[in-house]
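See below for the structure under consideration.
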Amino acid sequence: MVVDLVHPQPEPPPAGQRFRWDWIRPHIHPVPTVLGGVLALVKMPWGYSIATTWAYTVHESRGFGIGWAYSLGLGAFALAALGEAGNTRHDASLRRQFATRTALVITFIGAIGAIDLYDPVTALTGVRP
């Protein structure tokens with residue numbers, strides 16, 4: 001007498017969990033993220049990093065008006081985020097991910113450069129410094 005043991009098939013996860021994680025799992029690559037952040041923040045020959053140079057440029061655009069600084073900083077960040085959103089395709093190369101994540105770090109720090117400490121006070125009270 002021969003007995004064949006049959007291993008039961010594991011149950012698939014619920015459809016909601018598959019939808020949430022299956023599209024992102026193959027695209028998680030920490031190497032382009034880390035290298036992009038390092039490139040954005042490393043000191044360049046002119047004495048500052050690319051990200052701090054962009055933040056200074058965005059902060060100096062406040063001279064034209066607060067709206068110009070925020071639109072320049074947040075607009076560039078939005079474009080970099082759209083480029084990163086395009087990396088969710090299965091054919092996105094590591095080189096493309098490196099470029100978009102470097103741009104994302106640079107523009108995020110630049111968007112922070114648009115902020116001044118008096119902006120929340122002005123927004124809440126209407127009092128200008």
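Fair warning: this is a prediction, and the values are worked out from it, not measured in the lab. No hydrogens, no waters, no symmetry mates; every other heavy atom, side chains included, goes into these values.
Between atom OG1 of residue Thr33 and atom CG of residue Leu104 there is a gap of 9.0 Å, rounded to the nearest 0.5 Å. Ile115 CD1 to Arg62 CZ: the interatomic distance, rounded to the nearest 0.5 Å, is 9.0 Å. The CD1 atom of Ile106 sits 10.0 Å away from the OG1 atom of Thr52 when rounded to the nearest 0.5 Å. Note that OG1 of Thr100 and CG of Leu79 are 13.0 Å apart. Values are rounded to the nearest 0.5 Å. Here the CZ atom belonging to Arg96 is positioned 8.5 Å from the CD atom belonging to Glu84, to the nearest 0.5 angstrom.
Legend: side-chain hydrogen bond (donor to acceptor under 3.5 Å, both in side chains) pairs involving residues 63-80, not counting sequence neighbours, sorted by first then second residue: Tyr70-Asp119. Within the structure, ring pair (Phe, Tyr, Trp, His ring centres under 6.0 Å) contacts touching residues 34-57 (residues at least two apart or in different chains) do not occur.
Ile66 is not listed as a side-chain neighbour of Thr122, based on a closest heavy-atom distance of 4.5 Å or more. You'll find the side chain of Leu39 reaches within 4.5 Å of the side chain of Met44, heavy atoms only.
Heavy atoms only, all atoms of each residue included: Ser61 and Leu72 are closest at OG-CD2, 4.0 Å. Listed here is the closest heavy atom pair of Thr107 and Ala80: OG1-CB, 3.5 Å. Here the closest non-hydrogen pair linking Gly73 and Ala111 is O-CB, 3.8 Å.
Linking Ile, Leu, Val, Met, Phe, Trp and Tyr residues whenever their side-chain heavy atoms come within less than 4.5 Å places Val58 and Ile50 in a single cluster.
Remark: Leu117 CG is loosely packed, at most 12 non-hydrogen atoms of other residues, nucleotides or ligands lying under 6.0 Å away.
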